[in-house]
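Hydrogens, waters and symmetry mates play no part in the numbers below; they use all other heavy atoms, side chains included. Numbers here are sequence positions counted from 1. Start at 1 and go down the list; that is how both ligands and their atoms are numbered.
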Amino acid sequence: MATLTIRNAQKSYGNIEILKGIDLDLDDGEFLVLLGPSGCGKSTLLNMIAGLETISGGEVLINDRVVNNVHPKDRDIAMVFQSYALYPNMTVGRNIGFGLEMRKMEKEERNRRIDEAAKMLQIDHLMDRKPAQLSGGQRQRVAMGRALVRDPEIFLFDEPLSNLDAKLRVEMRTEIKKLHQRLKTTMVYVTHDQIEAMTLASRIAILRNGEVQQFASPQEVYERPANIYVAGFVGSPAMNFIPATVVNEEGRFGVSFERTAHGNRGSVYLPLPEEHQALDEWVGREVVLGIRPETLTHRSDAEIALNPCLQPFECQVEVLEPTGADTLTYIEMGGEEVIARVNPYNASSPGETMSFMVDMGKASLFDPRTEQRIN
Ligand code: ADP
Ligand code: MG
């Protein structure tokens, strides 16, 4: 059980700054996901926590103790790598227990831990095999078993599922979640997959070019993204971004945009809910309106009657993409292509004008210059 604090952590290779002052603070038992595209510095940060990389500036603290100069084996952490890093000539059982063997743990206790981990990961029938005789998913479990037997203060995972096929990845994701619920050990998990981040994390840190863009719960990141980068990175299909102008009509703030393409004419005005009342300085100026596809759907007057944030408008349908559960409906708003998520039974045909509604209570506004969220 451990807390983890990262204070102004920096990493440079020569003149190149890889991490530019990272601040993160984890409570005991949290599941932190470091999310970002390849090359943004996720593994570097994880390796700094593990002690496998030196720290150019700042501090890493485990249980309020600075560990910058503590050797990896004395940090009481266990790491699972993307490559699994199993010993090819050792059996599964020996692979799992080898770290304990190196630490001179007595055989009885070692075997007890190996058995327990193997049962938990459902690989107890594979203990005498060599890694070459295992599937990718089984190898992944062995790598996790090796971390489990250490019973560490913190688990570190570096893209542990990226070598697995899509179906297995989803299964193992659930396994890792169950494992965390059961062990309640602090975990730090690196991935570029936003769904893994959303499903596993108690908090997500989204990195870009060695900087944290937002550090918050998955729900907060999804509903109140700190900037356009975060908004576009999390969610599939991605958030729609529409250039719009802030207007004040009789004391009520709203946004408006022109429609020009595909037979659409005239301007659309969408009032904002009451909480967007600090927009005075933005009146007459351009903003980026962010709308998640699932908050834009076919018009239902019954729902509009119950929720004043739902705003109706009409628009011509361009393309339909049925996904089964819903039909992605492409329309044009403010000159941008926008995706609405529509129930298949309510979808219109391409070329038809359809009635939509958008939940402006869930809309985000961004400054087009700084790309930061407005209020
Ligand atoms: P991620 O895990 O997010 O894909 P990494 O942390 O592996 O990213 O790498 C971040 C950046 O640091 C990359 O641009 C990478 O090229 C650079 N980098 C990593 N290791 C070294 C190194 N030993 N020397 C120089 N640059 C490195
Ligand atoms: Mg990496």
> Judged by atom type as modelled, is there a donor-acceptor pair below 3.5 Å linking the side chain of N63 to the main-chain atoms of T3?
Replying inline: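 Looks like yes, one N/O pair under 3.5 Å.
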> Is there a donor-acceptor pair under 3.5 Å between the side chain of R285 and the backbone N or O of E281?
Replying inline: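 Checking the backbone N and O of E281 against the side chain of R285, a donor-acceptor pair under 3.5 Å is found.
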Any heavy-atom pair between the side chains of [Y] and [X] that's under 4.5 Å?
{"X": "T295", "Y": "R292", "value": "yes"}
{"X": "M357", "Y": "I304", "value": "yes"}
{"X": "L45", "Y": "I6", "value": "yes"}

Same apolar cluster: [X] and [Y], side chain cutoff 4.5 Å:
{"X": "I206", "Y": "F157", "answer": "yes"}
{"X": "L32", "Y": "V60", "answer": "yes"}
{"X": "L365", "Y": "L270", "answer": "yes"}

>> Please find the pair of heavy atoms, one from A205 and one from F215, that lie closest to each other, and give the distance.
In response: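 Scanning both residues completely, I find the closest heavy atoms to be CB-CD1, 4.0 Å.
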Note the single closest protein heavy atom to [atom], along with its residue, its atom name and the distance in Å.
{"atom": "atom 7 (O) of ligand 1", "result": "S43 CB, 3.7 Å"}
{"atom": "atom 21 (C) of ligand 1", "result": "Y13 CE1, 3.1 Å"}
{"atom": "atom 13 (C) of ligand 1", "result": "G39 O, 3.7 Å"}
{"atom": "atom 15 (C) of ligand 1", "result": "I18 CD1, 4.9 Å"}

>> Tell me whether the rings of F356 and F313 are parallel (<30°), tilted (30 to 60°) or perpendicular (>60°).
In response: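 Parallel, since the angle between the ring planes stays under 30°.
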> With under 30° as parallel and over 60° as perpendicular, where do the rings of F31 and H180 fit, or are they tilted in between?
Replying inline: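 Correct class here is perpendicular.
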> In terms of atom number and element, which parts of ligand 1 are under 4.0 angstrom from non-hydrogen atoms of S38?
Replying inline: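 Answer, ordered by atom number: 4 (O).
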>> Using a 4.0 Å cut-off to any heavy atom of T44, which atoms of ligand 1 qualify?
In response: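 Selected atoms, number and element: 5 (P), 6 (O), 9 (O), 10 (C).
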> Do E53 and ligand 1 have an N or O pair less than 3.5 Å apart?
Replying inline: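 Not met; the criterion fails.
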>> I'd like to check whether C40 has a polar contact with ligand 1, where a contact means an N/O of the residue lying under 3.5 Å from an N/O of the ligand.
In response: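 Such a contact does occur with ligand 1.
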> How about the Mg ion (ligand 2), which protein N, O or S atoms come within less than 2.8 Å?
Replying inline: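 You should have found S43 OG.
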> Is the closest heavy atom of G41 to ligand 1 under 4.0 Å?
Replying inline: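 In this structure, G41 qualifies as a contact of ligand 1 - some heavy atom is under 4.0 Å.
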>> With the threshold set strictly below 4.0 angstrom, can you tell me whether any protein non-hydrogen atom sits that near atom 27 (C) of ligand 1?
In response: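 Under the 4.0 Å cut-off, atom 27 (C) of ligand 1 does have protein heavy-atom neighbours.
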